[in-house]
Amino acid sequence: MRFTWAQHLDAARTIGNVGPANTGTALGLLGIAMLLLLQDLEELA
């Protein structure tokens with residue numbers, strides 16, 4: 001795994017707390033975070 005579950009949650013909380021001026025960047029980072037989460041979950045299966 002690249003990140004622990006706690007680190008994935010922390011990343012999601014951090015991205016969720018951005019202001020309206022940074023929404024585009026937050027969506028891009030959220031996409032990357034989701035890909036990493038999917039890869040980590042796939043390794044567990």
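Clustering of Ile, Leu, Val, Met, Phe, Trp and Tyr side chains at separations under 4.5 Å places M34 together with I15, L29, L30. Listed by chain and number, the hydrophobic cluster partners of L27 come to none, as no ILVMFWY side chain reaches under 4.5 Å of it.
Separating the CD atom in E42 from the CG atom in L38 is a distance of 8.0 Å, to the nearest 0.5 Å. Between the CG atom of L37 and the NE2 atom of H8 there is a distance of 5.0 Å, given to the nearest 0.5 Å.
Under the rule for a side-chain hydrogen bond (donor to acceptor under 3.5 Å, both in side chains), D10 has no partner lying at least two apart in sequence or in another chain. Applying the side-chain hydrogen bond (donor to acceptor under 3.5 Å, both in side chains) test to T4 and every residue at least two apart in sequence or in another chain returns Q7. With sequence neighbours excluded, the residues satisfying side chain to side chain contact (heavy atoms under 4.5 Å, CB included) with L44 are M1, L41.
Evaluation of the ring pair (Phe, Tyr, Trp, His ring centres under 6.0 Å) test over residues 17-45, restricted to residues two or more places apart or in two chains, returns none.
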